[in-house]
Visitor: 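This structure is in structure tokens; I'll ask about it shortly.
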2 protein chains.
Amino acid sequence: MNIEEAAKQLEALGNPTRLQVYRTLVRAGDGGLPVGRLQEKIGIAASTLSHHLHRLILTGLVTQERQVTTLICRANYPAMNSLVGFLVDECCVDAACTTEQDGEAAA
Amino acid sequence: MNIEEAAKQLEALGNPTRLQVYRTLVRAGDGGLPVGRLQEKIGIAASTLSHHLHRLILTGLVTQERQVTTLICRANYPAMNSLVGFLVDECCVDAACTTEQDGEAAA
DNA sequence: GGTCTATTTCAAGGATCATCGAAATAGCAA
DNA sequence: TTGCTATTTCGATGATCCTTGAAATAGACC
């Protein structure tokens, strides 16, 4: 994971619509979600969703698998794990396990 | 932490220059770094750095403290911790503690 | 082949961003 | 006051992004 790749992934997640797409997929779990279902849930134009999905896929944060007539989208957990690893690299690795507000551990 | 705030912070980190600024501050640790030193290390125009610094500060990822003649910048570890918490929320919380590939038991 | 559904690509608009040099500000020193 | 250092604000330019509807593609079914 280099800085360019990390920035690309962070930028991909830095758009509210894409972040919502990504979180929806995260919530969907291993089963994933078809593109059409995502569109219903989020309520944006299909072309807009396709565009954002493309960016998420390019950065490796989301994967797609073709089923009979639909494309199933899934969050790529290892990729995000790697990104989080890069973020906490060399600073507050131990604090990374405390997702609560106890901001004392790292400082 | 709502989705809008998280997206703002992710977008802030999603620019290679800003990510480099942020990581440099992370590496600097508690002592922080003056703006001028940051500029030397990164090699961009002072106005550009100021602009990026402003965005990082607005999102809460970086703090500034005035010393005699210089401004000391510091990475805000709790803020990033909170962002990471949001990212791993409801999906792979245990995996968040294993930034390596080995499936260590999540404490 | 023809049709239907699901999804992507195309083209375009308006908005935002990244970067820079020049000028302005703030604080200290002489 | 004048000068010096450190940093920010201003103004501008070129690039990129977000969003959409319309058109095109891919696959399944009759």
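All values below were derived from every heavy atom in this structure, side-chain atoms included, with hydrogens, water molecules and symmetry-related copies excluded. Reminder, nothing fancy here: chain letters follow the sequence lines and each chain counts from 1.
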Visitor: Can you check whether B:G60's main-chain N or O pairs, donor with acceptor, with B:N76's side chain at less than 3.5 Å?
Guide: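 Yes: the side chain of B:N76 pairs with the backbone of B:G60.
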
Visitor: I need the CG-P distance between B:L56 and D:dT8, as an integer number of Å.
Guide: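 In whole Å, D:dT8 P and B:L56 CG are 12 Å from each other.
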
Visitor: Looking at side-chain heavy atoms only, is the closest gap between A:L25 and A:L56 below 4.5 Å?
Guide: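 A side-chain contact is absent here, since even the closest heavy-atom pair is not under 4.5 Å.
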
Visitor: Protein-nucleotides 20-24 of chain C N/O pairs closer than 3.5 Å?
Guide:
residue: C:dC20; atom: OP2; partner: B:A45; partner atom: N; Å: 3.4
residue: C:dC20; atom: OP2; partner: B:T48; partner atom: OG1; Å: 2.9
residue: C:dG21; atom: N7; partner: B:S47; partner atom: OG; Å: 3.3
residue: C:dG21; atom: O6; partner: B:S47; partner atom: OG; Å: 2.9

Visitor: Can you sort out the partners of B:E4 under salt bridge (charged side-chain N to carboxylate O under 4.0 Å, His left out), two or more places apart, ordered by chain and number?
Guide: none

Visitor: Roughly how far apart are B:L71 CG and B:Q64 CD, rounded to 0.5 Å?
Guide: 4.5 Å

Visitor: Mind checking the CZ-CG spacing from A:R23 to A:L13? Nearest 0.5 Å is all I need.
Guide: 10.5 Å

Visitor: How many Å lie between NE2 on A:H52 and P on C:dT8, as a whole number?
Guide: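 One finds 13 Å between P of C:dT8 and NE2 of A:H52, rounded.
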
Visitor: Answer yes or no: is there a donor N or O on one side and an acceptor on the other, between the side chain of B:Q9 and the main chain of B:M80, under 3.5 Å?
Guide: no

Visitor: To the nearest 10°, give me the bend of the helix from C:dG14-D:dC17 to C:dA30-D:dT1, comparing the axes of its five terminal pairs at either end.
Guide: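 The angle separating the two end axes equals 30°.
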
Visitor: Can you check the A:L49 CG to D:dT20 P distance for me, whole Å?
Guide: 11 Å

Visitor: Give a yes or no answer on whether the side chain of A:T70 reaches the backbone of A:R66 with a donor-acceptor pair at less than 3.5 Å.
Guide: no

Visitor: Just the rounded figure in Å: distance from C1' of D:dC18 to CD1 of A:I42.
Guide: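 The distance from CD1 of A:I42 to C1' of D:dC18 comes to 15 Å, rounded to the nearest Å.
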
Visitor: Identify, between A:Q67 and A:R55, the residue whose nearest nucleotide on DNA chain D lies closer to the 5' end.
Guide: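 Checking each residue's closest nucleotide, the 5'-ward one belongs to A:R55.
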
Visitor: Among residues at least two apart in sequence or on other chains, which ones pass side-chain hydrogen bond (donor to acceptor under 3.5 Å, both in side chains) with A:Q67?
Guide: none

Visitor: Rounded to the Å, how far apart are B:R18 CZ and C:dC17 C1'?
Guide: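 Distance, rounded to whole Å: 8 Å.
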
Visitor: Output the rounded distance in Å from CG (A:L58) to C1' (D:dT16).
Guide: 15 Å

Visitor: Could you report the tightest heavy-atom contact between B:L49 and B:V35, atom names first, then the distance?
Guide: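 Where B:L49 meets B:V35 most closely, the heavy atoms are CD2-O, 3.5 Å.
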
Visitor: Has B:N15 got a side-chain N or O lying under 4.0 Å from the OP1 or OP2 atom of C:dC17?
Guide: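 Result: no.
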
Visitor: Please list, pair by pair, any protein nitrogen or oxygen found under 3.5 Å from a nitrogen or oxygen in nucleotides 5-7 of chain C.
Guide:
residue: C:dT7; atom: OP1; partner: A:V35; partner atom: N; Å: 3.4
residue: C:dT7; atom: OP1; partner: A:L71; partner atom: N; Å: 3.2
residue: C:dT7; atom: OP2; partner: A:G36; partner atom: N; Å: 2.8

Visitor: Do A:Y77 side-chain atoms and A:V26 backbone N/O form a donor-acceptor pair below 3.5 Å?
Guide: yes

Visitor: What is the distance, to the nearest angstrom, from the CG atom on A:L38 to the C1' atom on C:dT8?
Guide: 15 Å

Visitor: Using the salt bridge (Lys or Arg N to Asp or Glu O under 4.0 Å) rule, collect all pairs that involve residues 77-87 of chain A, keeping only residues at least two apart or in two chains.
Guide: none

